[in-house]
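Ligands are counted one by one from 1 in listed order, and the atoms in each one are counted from 1 as well. When a residue number appears, it is its place in the shown sequence, counting from 1. Being a predicted model, the structure only gives us computed values, none of them experimental.
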Amino acid sequence: MAKGSLALLISGGVDNWAPDLWKSRFAEKLKDRDIALLPADNVDPDQVHYAAVWQPKPGLLRAFSNLKAIFNLGAGVDAVLQDSSLPDVPLVRVADDDLTSRMTEYVVMHVLMHHRQQAYLANCQSKRIWAPRPQWPARAVRVGVLGLGVLGRDAARALYNLGFPVAGWSKSRKSIDGVECYAGDGQLGAFLARTDILVVLLPLTQETRGMLARPLFRQLATDGPLGGPVVINAGRGGLQNEEDILACLEDGTLKAATLDVFQREPLPSDSPLWSHPAVTISPHNAADSDPDSIASYVAAQILDFEAGRPLQNVVDRRRGY
Ligand code: NDP
Ligand code: OXD
């Protein structure tokens, strides 16, 4: 019997999401089956057993009546869950070492940039001024990680290994060596009150949407060495209220912000965030999905599944992540 085809549905519009690149990687990893890049390729919808997707247009997956699993090609599934007609088959997300290491690099880099006063030093350099300021040690800067999932845990461990006092917050309680773990809404206030640099690695769900706003920022520690709290959001733009971020930077509730994700992406060119001196922007590339590594991840899961083993990292649709 012919092996079930894999349909590839990718939007995104940037180099890393070039659909042909993904198709060639999947073709390499799953040599014995058809890989149909939609909408360009023809495919018999009944032969499609798997779909690998990134931000697919709502409704497109409904055509595949023999679908057995959907693989989201990134870690966050908020976009795919918007589709109210999503077939009722397992939805698998990415949790792989390559993506995790990329995110940890991003988080460590930006925590260090704030800790080591890099914006001040770059400004001095641009003016040819030799004016070192006193530098405090890592142990004086309390980092708090919102979200202790696959990504948050790894980043928290790396920061702890650099000497930062690290805490984390999640829905259910975790136990991570060296990391002070807080859980649930009841402990959010205590977590924020001991945090100088807030790293956000939460999924976007009904519960988390819009939570990065003034009432939360107001609870962050104000007695740390940075001169005010800093927020680093690499989760999703829908978590943040950008007007509040700007207003909080203006009145000193926040000292600085590093943002990889935005309410609207690409960030519109007239957004005041672009030119704010206390804002560092990256174009949603904190942790790129690497086509080679993720095609391998999906291929391995398909082979396991067909051998009767359970799929890994299946999304709980009710929870939203
Ligand atoms: P996980 O699902 O592994 O972890 C999510 C964490 O958030 C868990 O610890 C979970 O708690 C916690 N959480 C969820 N909802 C709540 C809540 N209401 N209150 C408290 N804690 C909550 O996800 P990952 O770590 O793999 O990824 C996190 C997010 O990072 C993705 O959803 C995606 O949006 C974003 N991302 C961004 C990228 C970028 O390039 N900018 C790249 C990759 C991912 P619990 O453990 O108790 O369930
Ligand atoms: C992801 C992302 O969710 O890249 O993987 O945003």
Side-chain angles (χ1 to χ4, degrees), residues 10-17 22 52-55 71-82 91-107 109-110 144-157 167-176 179 181-192 198-212 216 232-240 258-263 265-267 281-291 293-294 297-298 312-321:
I10 293 180
S11 347
V14 288
D15 279 3
N16 191 51
W17 289 109
W22 283 86
V53 306
W54 184 244
Q55 302 180 350
F71 295 92
N72 186 60
L73 296 174
V77 290
D78 46 294
V80 71
L81 288 178
Q82 303 260 306
L91 170 63
V92 175
R93 70 183 197 94
V94 170
D96 109 305
D97 290 350
D98 177 86
L99 188 127
T100 303
S101 305
R102 289 166 190 256
M103 182 58 86
T104 295
E105 286 172 10
Y106 179 89
V107 169
M109 174 174 82
H110 286 283
V145 182
L146 272 183
L148 286 176
V150 174
L151 302 180
R153 279 199 303 270
D154 196 68
R157 281 196 202 101
W169 181 76
S170 52
K171 203 167 173 125
S172 56
R173 182 166 304 285
K174 304 284 183 265
S175 169
I176 305 169
V179 177
C181 293
Y182 295 77
D185 292 344
Q187 292 192 344
L188 180 59
F191 162 83
L192 295 171
L198 181 69
V199 173
V200 185
L201 288 171
L202 285 169
L204 179 61
T205 67
Q206 280 179 0
E207 286 177 8
T208 60
R209 183 175 291 281
M211 69 183 280
L212 301 180
L216 183 146
I232 298 175
N233 184 13
R236 279 290 181 269
L239 299 166
Q240 76 203 11
T258 294
L259 306 174
D260 183 59
V261 287
F262 301 90
Q263 287 173 270
E265 295 180 7
L267 181 64
I281 286 176
S282 50
H284 195 148
N285 74 336
D288 277 343
S289 286
D290 175 61
S293 139
I294 289 172
Y297 166 85
V298 172
Q312 305 296 317
N313 306 309
V314 176
V315 171
D316 177 339
R317 293 200 195 188
R318 203 181 25 85
R319 244 177 19 165
Y321 65 99

With V94, the side chain to side chain contact (heavy atoms under 4.5 Å, CB included) member among D96, D98, V92 | D96

Tell me whether [X] contacts the main-chain N or O of [Y] through its side chain, where contact means a donor paired with an acceptor under 3.5 Å.
X	Y	answer
S289	L73	yes
Q312	A95	no
S170	L148	no
N72	G76	yes

The protein residues that pass the under-4.0 Å heavy-atom test against ligand 1 are A75, G76, R93, L99, M103, G147, L148, G149, V150, L151, W169, S170, K171, S172, K174, L201, L202, P203, E207, T208, A234, G235, R236, D260, V261, H284, A286, A287, R319, Y321

From CA spacing to verdict: side chain to side chain contact (heavy atoms under 4.5 Å, CB included), L81, L91 = CA-CA 9 Å; L81 288 178; L91 170 63; 3.7 Å; yes

Side-chain donor-acceptor pair present, Y321, T208, cut-off under 3.5 Å = no

Return the orientation label for the W54 and W17 ring planes: parallel under 30°, perpendicular over 60°, tilted otherwise.
-> parallel

Full working for side chain to side chain contact (heavy atoms under 4.5 Å, CB included) between T258 and Y106 | CA-CA 11 Å; T258 294; Y106 179 89; 3.4 Å; yes

Between ligand 2 and the protein, give all atom pairs where both partners are nitrogen or oxygen and the distance is under 3.5 Å, as lines of names plus distance to 0.1 Å.
| residue | atom | partner | partner atom | Å |
| --- | --- | --- | --- | --- |
| ligand 2 | 3 (O) | A75 | N | 3.3 |
| ligand 2 | 3 (O) | G76 | N | 2.7 |
| ligand 2 | 3 (O) | R236 | NH2 | 2.7 |
| ligand 2 | 5 (O) | A75 | N | 2.7 |
| ligand 2 | 6 (O) | R236 | NH1 | 2.8 |
| ligand 2 | 6 (O) | R236 | NH2 | 3.2 |
| ligand 2 | 6 (O) | H284 | NE2 | 2.6 |

